[in-house]
Amino acid sequence: MPSAETSNRREPTMNVLPRKIDFLEMEEKWQQIWEEDGVYRYDWDDETRPVFSVDTPPPYPSGDFHMGNMLNHTYFDMRARYKRMRGYNVLFPQGWDCHGLPTEVAVEKAKGIRKSDVPPDVFRKMCEEWIEQYIGVMKTAVIRMGASIDWTTEYRTMEPEYMRKIQLSFLQLYEKDMIYKGEHPINWCPRCETAIADAEVEHDTKQGRIYTIPFETPDGEVLIATTRPVYLPACVAMGVHPDDERYRHLIGEKAKVPLFNQEIPIIANVEVDPNFGTGAMMICTYGDKADVVAVARYKLPVVKLIDGTGVLHDVAGKYAGMQIQEGQKSVVNDLREAGFIKEEKELEQEVGLCWRCDTPIEIVTAKQWFMRTISLTDKVLETANAITWYPDWMRQRLINWATGLDWDWVLSRQRVFATPVPAWYCKKCGKIRLAKSEELPVDPRVTMINDTCECGDTEFIPDNDVMDTWFDSSMTCAIHAGWPDKPNWRRQYPASVHPSGQDIIRTWAYYLMVRSLALFDETAYDSVLINGMVFGDDGRMMSKSLGNYVATPEVFSKYGADAPRQWAAAGGSTGTDIPFRWEDVEYGWRFQRKLWNACRFAGMRLEDFDPSENVEPTLIDKWIVTKLEKTVKRATETMEECDFMNASEAARNFIWHVFCDHYLEAAKTRLYGEGDAKKSAQQTLYYIVKQMIKLMAPITPHITEEIWRTMYNSDVSIHISPWPEYNEGLVDEEAEKIGDLIIAAISDIRREKNRKGVSLNALVKEAKIYADPEQAVFLRMGFQDIKDTLKIEALEIIEGEGGESKLEDYPSVGFSMVI
RNA sequence: GGGCCGGUCGUCCAGCCUGGUUAGGACGCCGCCUUUACGAGGCGGAGGUCGCAGGUUCAAGUCCUGCCCGGCCCA
């Protein structure tokens, strides 16, 4: 038989949070449970909820998930989490962008071989094994940071399935005449021995020399300044500005190239800057991009000067066989000896460098695969203008890039570890035999085709080229959506958000866009979410060589994920570069402790709370609820705009400085007491805590989950619970106004106690507050709150002026006290 | 040379679009407070010609023009 005491006791509504908690252990616990419970699974069959699809950037598995990855992943994870709480069916996939030269180089080094030493499929296998070990490391980091990924979607761009889709898109683009093979000037890295795209060329200034040399013309010598005399044998014209009085009469005449003696035409070219050098320039095939433009415009002949390894061809005469730098030296020496160098001086010049190895790039003509992109520029601009950019001004980056492009996209690369071009050529007539879709995936270097060419021949030679790795990654939106196999892939397409670092807008965002327009005549994504670069705490770009580098495992093992996530959210405006600062992470950590303790206190005061009982809320309770609702409104508006910084600020400021500092202090006495005043405080606490942890849930998913599940006894994750709706019905402007005054009175009197060197808890024998009639009425409404919070034995509220001190924000209110 | 972004206490970052009390926050610094959620906390203090110069306006950190400095991208 139960005793009277126990029979009166109800089951506690809430579980109280423990005093001590190991945040790191707690985080890993939830990461495991989320995965086991499939909390973040996308429902492919759901026809009711709206879809929100994230075009997760597949990281290159370098084995180093750095703070930049952390920033980037936190941004779109917060977006995904917010949208999920807003009722969206969120598709948040994760892939790994495996192909690429760095792996080839690493494998060559590790195995002590060159890629050409073994068959391509064997080398490929080595690369696959190499990269796989890093995927594990990267995946651990992505899980550890608390990304709400649906891991059933995981993929690798090196998988046959993925390559099949890439090759299929290649075939489809070919059919649409959007892919072609052509002879065209391209950027060429002599060291990597491969074509590279514009986007892979980095620019730098180098100290060089500029030589002034004479060209013989019917009107005597014309001096030309050039940095690259080695290109003289490939000189095909002299260009002068048509308005340049010095040379105008020479247009249409011939000039003789020094040392090599070929005759070249003198042409009018408006691109020539009459003020640069001597005002006359030589056009060579190809010294630089300006040459490419001029040669095309004036239909000049092309002289192939260098081969794929940067060695000079026969046309260079006695210099043939030399490396280009060596040739440059010899030509300069010979020019000097022959007295052809009239002047030479130092010049800071722009050079294009290979993004991988920093080797100066050359421009060569070669047969390569291209995708038509220039013809789509108008559509790209139109689409860039139509979609949403976070932040808005980033739109211009894509527009500038697309507008400035000169060439189509060079797709082919002369490498091994990448998606092969699915093509063979008839040995006899040379006709292209493309793979058929049912033959995919295929590596022509390994698999020979059994077919008969139109010419009757049955022998084929493989295309040895592979594709730019951006050709792999610029299909992510479609492949994430389920293209081409899932019949309803268009439900997930275009992607709702394409996240990107500002540095790869010109590559990833651009290629995705142009590819989607070519293939589907539609945008690939509806919005772009940009993150800036991460700087070290010394204000410079974070890098290992500068010594300002911070590795994520170091951060995770000290502070877990929720604290650095707060840094990522609040470290700076979306899209801008932000410094990594340990102080920001530590601040996040301290916020978590504060949140934890506040919720623990709330839980303890709610143990005997009965949610079914409703009482009329007191003034201060209405006040805090109003503050909360306004915070919900602000947090919702900012989250909608991907303004994570202000969303964090709104939530953290409310929790720490409004709820903890003011409300809890003011409500404490009631919570320790009895009756309706206590019940009102309890029902308020119950509501506030639930709402406020939800505001933090997308930012700090672990701690909010722990609090939610413990305190609210929920079997369902906070992350699929509804986001707080702004409830205007709970906003009480009058209560806020009066509450502000009462809180100000408490706060200022408390401060005064502090100034006098006594604790808040110390008893005040007597206090008098002086106020005008209206304010006196307001203050009387908070009489008990003021008296209890400040431990005043005798409180008097008096109409009129007086008191030793004034309230800071209400100069008409004065007070004095006796301790 | 062009485009974009930035220049705000010692440091980092908000505020600028939509002009309006005393320009906020964090870190750091200094001082005070053992307070039954939290001392890994609370309270307070010092610290700012809002890059420079003009202009618009009753009013400019905010809008306009020019310039200087820094970053990124491009030529």
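Every chain is numbered from 1 and lettered A, B, ... according to where its sequence line falls, protein lines coming before strand lines. Atom set for the values below is all heavy atoms of this structure, side chains included, hydrogens, waters and symmetry mates excluded.
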Using only side-chain N and O atoms of [X], determine if any of them is under 4.0 Å from OP1 or OP2 of [N].
{"X": "A:S573", "N": "B:rC13", "value": "no"}
{"X": "A:W656", "N": "B:rG41", "value": "no"}
{"X": "A:R19", "N": "B:rC38", "value": "yes"}
{"X": "A:K791", "N": "B:rU35", "value": "no"}
{"X": "A:R397", "N": "B:rC4", "value": "no"}
{"X": "A:R750", "N": "B:rC43", "value": "no"}

- Query: Are A:W188 and A:I361 close enough, and set up right, to give a side chain to side chain contact (heavy atoms under 4.5 Å, CB included), and what steps lead you there?
  - Reply: CA-CA 5 Å; A:W188 182 270; A:I361 58 131; over 6 Å; no

- Query: With under 30° as parallel and over 60° as perpendicular, where do the rings of A:W582 and A:Y559 fit, or are they tilted in between?
  - Reply: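 If you compare the ring of A:W582 with that of A:Y559, the planes turn out tilted.
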
- Task: Could you walk me through whether A:W656 and A:F654 pass ring pair (Phe, Tyr, Trp, His ring centres under 6.0 Å), step by step?
- Result: CA-CA 6 Å; A:W656 201 328; A:F654 170 82; over 10 Å; no

Would you classify [X] as touching base, sugar-phosphate or nothing, given that sugar-phosphate means primed atoms plus P, OP1 and OP2, and contacts are heavy atoms under 4.0 Å?
{"X": "A:R593", "answer": "base"}
{"X": "A:K668", "answer": "base"}
{"X": "A:N646", "answer": "sugar-phosphate"}
{"X": "A:I578", "answer": "nothing"}

- Message: Assess the residue pair A:R593 and A:F23 against the criterion (side chain to side chain contact (heavy atoms under 4.5 Å, CB included)); give the C-alpha distance rounded to whole Å, side-chain angles, the decisive distance to 0.1 Å, and a yes or no.
- Response: CA-CA 9 Å; A:R593 301 195 67 85; A:F23 284 147; 4.2 Å; yes

- Query: Taking the side chain of A:W393 as its heavy atoms from C-beta onward, which of B:rC12, B:rG42, B:rC4 lies nearest to it?
  - Reply: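 From the listed options, B:rC4 comes nearest.
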
